[in-house]
4 protein chains.
Amino acid sequence: MAGNTFGRKFQLMTFGESHGEAIGGVIDGCPPGITLDFEAIQRELDRRKPGQSAIVSQRKESDTVQFLSGIFEGKTTGTPIGFIIPNENQKSGDYEHLKDKYRPSHADYVYEKKYGIRDYRGGGRSSARETANWVVAGAVARQIIPEIKINAFVSSVGDIFIDKPYQALDFSLTETNAVRCPDLATAEKMENYIKQIRKEGDTVGGTITCVIQNVPVGLGEPVFDKLHAELGKAMLSINAVKGFEYGSGFCGAKMKGSEHNDLFNPDGTTKSNLSGGIQGGISNGMDIYFRVAFKPVATLMQQQEVLDNKGNIVEQQGKGRHDPCVVPRAVPIVEAMTALVIVNFI
Amino acid sequence: MAGNTFGRKFQLMTFGESHGEAIGGVIDGCPPGITLDFEAIQRELDRRKPGQSAIVSQRKESDTVQFLSGIFEGKTTGTPIGFIIPNENQKSGDYEHLKDKYRPSHADYVYEKKYGIRDYRGGGRSSARETANWVVAGAVARQIIPEIKINAFVSSVGDIFIDKPYQALDFSLTETNAVRCPDLATAEKMENYIKQIRKEGDTVGGTITCVIQNVPVGLGEPVFDKLHAELGKAMLSINAVKGFEYGSGFCGAKMKGSEHNDLFNPDGTTKSNLSGGIQGGISNGMDIYFRVAFKPVATLMQQQEVLDNKGNIVEQQGKGRHDPCVVPRAVPIVEAMTALVIVNFI
Amino acid sequence: MAGNTFGRKFQLMTFGESHGEAIGGVIDGCPPGITLDFEAIQRELDRRKPGQSAIVSQRKESDTVQFLSGIFEGKTTGTPIGFIIPNENQKSGDYEHLKDKYRPSHADYVYEKKYGIRDYRGGGRSSARETANWVVAGAVARQIIPEIKINAFVSSVGDIFIDKPYQALDFSLTETNAVRCPDLATAEKMENYIKQIRKEGDTVGGTITCVIQNVPVGLGEPVFDKLHAELGKAMLSINAVKGFEYGSGFCGAKMKGSEHNDLFNPDGTTKSNLSGGIQGGISNGMDIYFRVAFKPVATLMQQQEVLDNKGNIVEQQGKGRHDPCVVPRAVPIVEAMTALVIVNFI
Amino acid sequence: MAGNTFGRKFQLMTFGESHGEAIGGVIDGCPPGITLDFEAIQRELDRRKPGQSAIVSQRKESDTVQFLSGIFEGKTTGTPIGFIIPNENQKSGDYEHLKDKYRPSHADYVYEKKYGIRDYRGGGRSSARETANWVVAGAVARQIIPEIKINAFVSSVGDIFIDKPYQALDFSLTETNAVRCPDLATAEKMENYIKQIRKEGDTVGGTITCVIQNVPVGLGEPVFDKLHAELGKAMLSINAVKGFEYGSGFCGAKMKGSEHNDLFNPDGTTKSNLSGGIQGGISNGMDIYFRVAFKPVATLMQQQEVLDNKGNIVEQQGKGRHDPCVVPRAVPIVEAMTALVIVNFI
């Protein structure tokens with residue numbers, strides 16, 4: 001396979017560059033008879049799109065999904081669901097200056113070396129615009145497993161982080177602020193920090209925490225397709241992600257077994273949950289939680305050195321979309337990819 | 001698929017429980033004409049086996065691999081390589097006390113719930129003995145790509161860690177000590193700490209860092225099978241792993257873009273390498289490096305609460321193999337899985 | 001997987017019902033740098049479409065393919081090629097009478113039983129309209145392997161058949177007649193017979209022979225993905241196909257080994273070619289040839305018994321498209337699927 | 001993938017050459033809790049092995065399967081089932097004369113060209129010995145779906161064929177004669193013919209018909225993994241197979257739609273069954289039946305021309321195993337592969 005398919009049971013194959021006619025995909029393996037809530041799908045797309053608040057890219061895109069097949073009288077039929085999201089704002093001229101340049105920490109250089117050709121407009125296939133396709137498929141997936149609750153939120157931006165366990169948070173507050181942080185005091189600090197970063201023409205990274213509740217026991221394969229390994233792979237597929245940890249994560253590596261073991265209650269639940277809801281790759285019915293690290297995006301609104309295809313280092317002023325912190329917009333993407341993983345094990 | 005196959009181009013399908021006749025596997029997709037160094041393969045197995053030093057399990061297993069096919073006059077033929085590793089020390093009686101018990105933070109409970117039946121002897125399929133199969137396949141894989149250097153080492157045990165960048169280390173020192181830490185002063189501290197943990201009947205976690213050098217530009221797929229996503233999935237498949245980060249990792253999430261971007265040299269290399277040798281999922285020719293977090297193993301030589309299949313919590317004394325810190329033994333496993341990922345992209 | 005993907009290296013995932021918005025697909029794994037001849041692709045679609053001659057369905061559809069991604073300045077980029085073919089003539093009302101009826105030898109009944117829901121308009125997903133997607137992908141595939149010549153033609157209609165070996169035929173005559181039979185005297189007989197069948201409101205089956213020339217030695221896997229097994233599967237995927245044979249085929253089952261063996265020439269070619277260009281699942285460099293059997297299509301312009309969803313047998317007059325013999329229109333489909341198989345082994 | 005895996009849900013990956021240590025495989029995806037009848041599995045292997053009657057190869061092999069994992073106290077556990085069949089009679093010296101020779105209509109030449117190396121002993125990986133692995137897996141598969149009845153039998157040898165529909169046959173007679181033909185008068189003719197062929201040092205082809213009864217409605221995917229396409233691919237994977245047809249098959253290509261359509265009964269069954277139990281790729285609950293064509297095997301006990309690796313044509317006397325007609329021994333293989341296909345759709 002050439003790397004544009006996700007999942008085996010509930011499959012998503014995607015296509016599209018940021019500046020072609022459209023992006024889109026095919027969902028195969030959706031069960032028949034599901035009444036789709038199309039507004040809920042569009043709402044997820046809207047959470048991801050640029051221009052939705054003061055702290056993200058100001059570019060306007062409407063990102064409207066069109067379903068082409070697999071649905072009859074509002075219900076899924078069990079046949080593949082084809083969909084497209086037309087591209088707008090396709091001023092290719094905006095990107096002429098990138099034609100023979102490789103920006104630092106972008107994929108320009110490796111695409112050129114791997115394929116010998118690249119669509120340089122807006123990052124082409126390496127653009128995070130692709131994740132809009134994932135959000136569509138994830139929103140469909142969530143409607144197949146409505147009983148499973150998936151809540152992601154921004155848990156840190158730069159050095160600012162929520163200093164509470166997730167159990168102390170009210171997830172209904174996540175969408176009340178532009179940062180998507182359910183701890184409102186922390187959210188305010190984060191928002192101010194991002195505004196400052198924006199003024200500097202710089203960008204900043206952060207982390208997203210995701211909690212999956214109401215998961216049945218038994219999801220995941222015990223050897224190679226462990227539930228947490230699939231979640232990890234899915235998260236590491238998201239643009240700008242540098243790390244993944246679940247349960248006790250990197251902290252667990254410092255602990256002793258006598259501190260780390262999750263003792264049982266008589267009903268099979270556990271007193272603690274450092275395991276993060278997964279034992280031996282298989283869900284044990286406790287909450288699954290994990291954390292994802294995002295680097296700062298590479299596109300700065302500053303003067304920066306780039307490499308051209310003749311081997312010269314040249315100074316170039318950053319242009320185009322400026323996303324000082326993509327982490328808030330990545331929240332629906334994390335949720336969508338989580339749903340895609342879970343639905344493949346149901 | 002049922003989760004016992006790794007890879008698509010160079011495939012490994014494995015089988016085996018810790019206490020059946022044998023474990024083993026089939027390697028499909030190995031190129032023809034490779035002269036195999038069987039001693040090198042066995043040497044990797046020996047690095048993984050229990051009983052090799054004073055700080056790991058004292059159980060003796062010889063772990064000898066037998067190749068059954070796919071090799072003719074010492075060379076691979078391009079047909080599948082079947083292999084088995086016979087099990088020894090199969091005293092099933094040792095495990096009768098586990099028949100109807102679920103140990104905390106083991107896979108006993110989830111296997112029972114998922115399959116309705118389980119081979120309770122020594123963890124059955126969930127035993128880390130399975131990783132011996134991976135080491136065999138990884139050792140074969142490494143011989144296909146001898147020019148690519150894969151070096152893993154223990155970078156922390158509990159709170160003790162190497163406080164130098166990997167560039168300051170001499171990888172040839174890794175095998176000179178029982179902990180597999182190339183920084184000898186740190187190694188000594190780690191070894192002493194593990195000995196103390198052993199006396200307590202306890203266990204401790206740690207981290208492994210892996211560096212891949214001499215990687216060609218262009219490995220990895222840009223959307224769903226990103227090189228680092230496959231590495232992450234492979235590492236998260238290893239028993240007891242709780243986290244994965246590459247390049248700047250979780251630290252990168254605290255940084256600004258102006259600090260994080262890796263500026264180019266005229267030859268396409270970069271001045272810094274916070275990206276960790278991968279851009280947009282594709283290798284850029286710089287060193288790839290990542291870090292893997294291992295929790296402390298759950299089997300303690302202490303009195304501990306277990307759940308039985310009638311819903312009672314009972315006290316039980318830990319028995320069987322005691323591995324106070326599995327991290328040193330996991331070093332060849334990390335290298336093997338890394339090789340399996342890389343060879344699938346060649 | 002849910003059965004809407006073909007191929008592993010050069011993958012096609014399709015979607016679409018005959019009466020939705022559009023059909024289409026995604027091609028993943030197309031090599032970069034191929035200059036696509038879009039007219040050639042459209043020409044193949046035109047060979048498949050209804051209404052192109054007096055002996056096929058008179059329904060008019062323009063079947064215009066739109067490419068949405070994966071192509072930049074006329075060349076493939078190595079990223080997925082998304083495409084759609086908008087549906088026309090979507091008068092759903094035409095099909096109201098089928099809502100609760102199952103036509104004999106159609107897929108109506110099994111879809112209802114399998115999915116519990118079906119898009120009854122024009123056969124929905126079971127419509128041969130889907131094969132337009134295959135023709136698009138096959139036409140792209142052929143441009144990757146221009147040196148390999150794939151020629152299919154109608155070799156029989158009902159009892160009328162070409163009584164010559166393919167070596168005695170001039171493939172350039174195939175497109176000179178509506179039946180796509182390169183033996184012109186036979187073509188005329190076939191055409192007259194089909195016209196008679198049309199008058200009767202009946203349909204008739206036939207066979208297509210396909211010859212692949214200039215194939216390199218070594219394509220195909222020796223055990224489970226034999227070249228001829230993949231060709232067979234591909235052909236049996238085409239609507240209405242009931243049989244596949246290659247080389248000596250069913251005749252070979254009557255022969256002795258001393259008659260059947262293909263003796264070598266000193267250059268590795270063979271004196272005879274009863275093997276059909278494949279030994280042990282691997283191409284040997286000789287011409288590959290095979291034959292495909294098509295049943296008569298089930299839609300008749302006659303009064304016929306149908307089953308309704310209450311268990312009543314009712315008489316119904318055939319309506320809609322009448323394709324007295326689909327075999328001529330299947331010629332480009334056979335060629336497309338052949339190209340898709342071959343390109344997956346290159 | 002490299003072509004040594006069959007199936008996706010119930011997977012079989014195999015390995016082994018005719019003259020290595022052992023052949024074997026791994027079955028992944030077997031449901032847990034199945035009490036295996038090991039004698040029944042061995043019985044199927046015995047039906048396939050050489051030397052079982054006067055009309056097949058006289059070579060003696062005991063073909064005893066050893067299960068290594070995935071079974072606990074006689075029951076499957078849901079983990080992979082590893083098995084091996086040790087090779088006997090491994091006198092490699094017998095094959096020295098083939099080291100640099102390519103026999104006509106064998107895979108010697110294509111292996112050499114594809115891989116640049118080959119295990120020339122007894123056909124290596126191209127040996128039909130591999131099918132013993134399939135018989136093991138198929139016998140396991142049949143125990144998962146005991147209610148589905150799979151009966152294959154020899155329907156023709158050379159020009160001698162059963163001139164009755166399968167409904168007129170008593171399948172319990174198949175195993176009463178060496179030819180595995182349930183029509184005893186025809187069986188006798190076939191047996192005499194094969195004995196004559198044996199005396200001539202020649203071989204002969206034939207066909208096998210397979211009937212699957214008691215199949216639930218709804219098996220198969222409607223587009224690319226049609227039930228009959230998977231059956232066709234499975235049959236075309238068997239050594240020496242040249243053709244496959246199901247239902248009306250090649251005869252159907254001569255018929256009119258008004259003759260061919262299977263009219264419904266009120267209960268959803270059909271009055272006729274020219275469709276062969278499958279509509280649009282999905283089982284409709286009627287009997288599935290198909291026919292498979294086997295060419296005569298290429299190894300003759302006669303003087304024959306072979307090609308050497310220097311481009312010389314030399315005369316060589318046939319040696320080794322002589323199987324005048326492999327079709328009777330292929331009956332359990334056809335049944336095994338049928339079971340493997342069906343179990344993948346359950």
Side-chain angles (χ1 to χ4, degrees), chain A residues 1-5 7-34 66-73 75-87 92 111-112 114-121 124-126 130 133, chain C residues 1-5 7-34 66-73 75-87 92 111-112 114-121 124-126 130 133:
Chain A
M1 295 208 228
N4 295 286
T5 305
R8 275 199 288 255
K9 192 173 168 187
F10 183 94
Q11 286 194 305
L12 171 67
M13 187 189 259
T14 64
F15 66 85
E17 280 80 40
S18 55
H19 285 68
E21 285 287 310
I23 63 169
V26 188
I27 297 167
D28 197 10
C30 185
I34 309 272
Q66 299 170 17
F67 290 99
L68 303 176
S69 68
I71 300 162
F72 186 55
E73 299 176 344
K75 284 188 181 168
T76 61
T77 60
T79 61
I81 300 172
F83 65 87
I84 59 172
I85 307 172
N87 284 328
S92 302
Y111 265 69
E112 188 75 40
K114 186 178 179 77
Y115 300 111
I117 181 176
R118 92 194 138 96
D119 183 346
Y120 53 79
R121 300 167 303 166
R125 183 77 181 141
S126 74
E130 157 71 9
N133 290 326
Chain C
M1 296 206 226
N4 295 286
T5 306
R8 276 199 287 254
K9 192 174 169 189
F10 182 95
Q11 285 194 305
L12 171 67
M13 188 188 259
T14 64
F15 65 87
E17 282 78 40
S18 55
H19 285 69
E21 285 287 309
I23 63 170
V26 188
I27 296 166
D28 196 9
C30 185
I34 308 271
Q66 300 170 17
F67 289 99
L68 303 175
S69 69
I71 300 162
F72 186 54
E73 300 177 343
K75 284 187 181 169
T76 60
T77 60
T79 61
I81 300 171
F83 66 88
I84 57 171
I85 307 172
N87 283 327
S92 301
Y111 265 68
E112 189 76 39
K114 185 178 180 77
Y115 299 112
I117 182 175
R118 92 195 136 96
D119 184 345
Y120 53 79
R121 299 168 302 166
R125 183 75 179 141
S126 74
E130 156 72 8
N133 289 326

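Chain letters run A, B, ... following the sequence lines, proteins first and then strands; every chain starts at 1.
- Here the closest heavy-atom approach between residue C:Ser69 and residue A:Phe15 is recorded as OG-CD1, 3.2 Å.
- Nearest heavy atom pair, residue A:Arg121 against residue C:Phe72, reads NE-CE1, 3.4 Å.
- Residue with the most contacts toward chain C among A:Gly70, A:Gly116, A:Cys30, A:Gly124: A:Gly70 (heavy-atom pairs, distance under 4.5 Å).
- Atom OG1 of C:Thr79 and atom OH of A:Tyr115 lie 7.5 Å apart (nearest 0.5 Å).
- Results of the side-chain contact (heavy atoms from CB on, under 4.5 Å) test with A:Met13 over C:Ile27, C:Thr14, C:Val26 single out C:Val26 as the only residue that passes.
- Looking at C:Arg125 and A:Pro80, their side chains come closer than 4.5 Å, going by heavy atoms from C-beta outward.
- Residue contact with chain A, scored on non-hydrogen atoms closer than 4.5 Å, is absent for C:Phe10.
- Only the side chain of C:Glu73 comes within contact range of chain A, with heavy atoms under 4.5 Å apart.
- Chain A forms more heavy-atom pairs under 4.5 Å with one residue of C:Lys75, C:Glu17, C:Lys114 than with any other, namely C:Glu17.
- With A:Asn4 contributing its side chain and C:Asp28 its backbone, the two residues share no donor-acceptor pair below 3.5 Å.
- From C:Leu68, atom CG reaches atom CD1 of A:Ile23 across 11.0 Å, with rounding to the nearest 0.5 Å.
- Counting only heavy atoms from C-beta outward, the side chains of C:Thr5 and A:Gln11 approach each other to under 4.5 Å.
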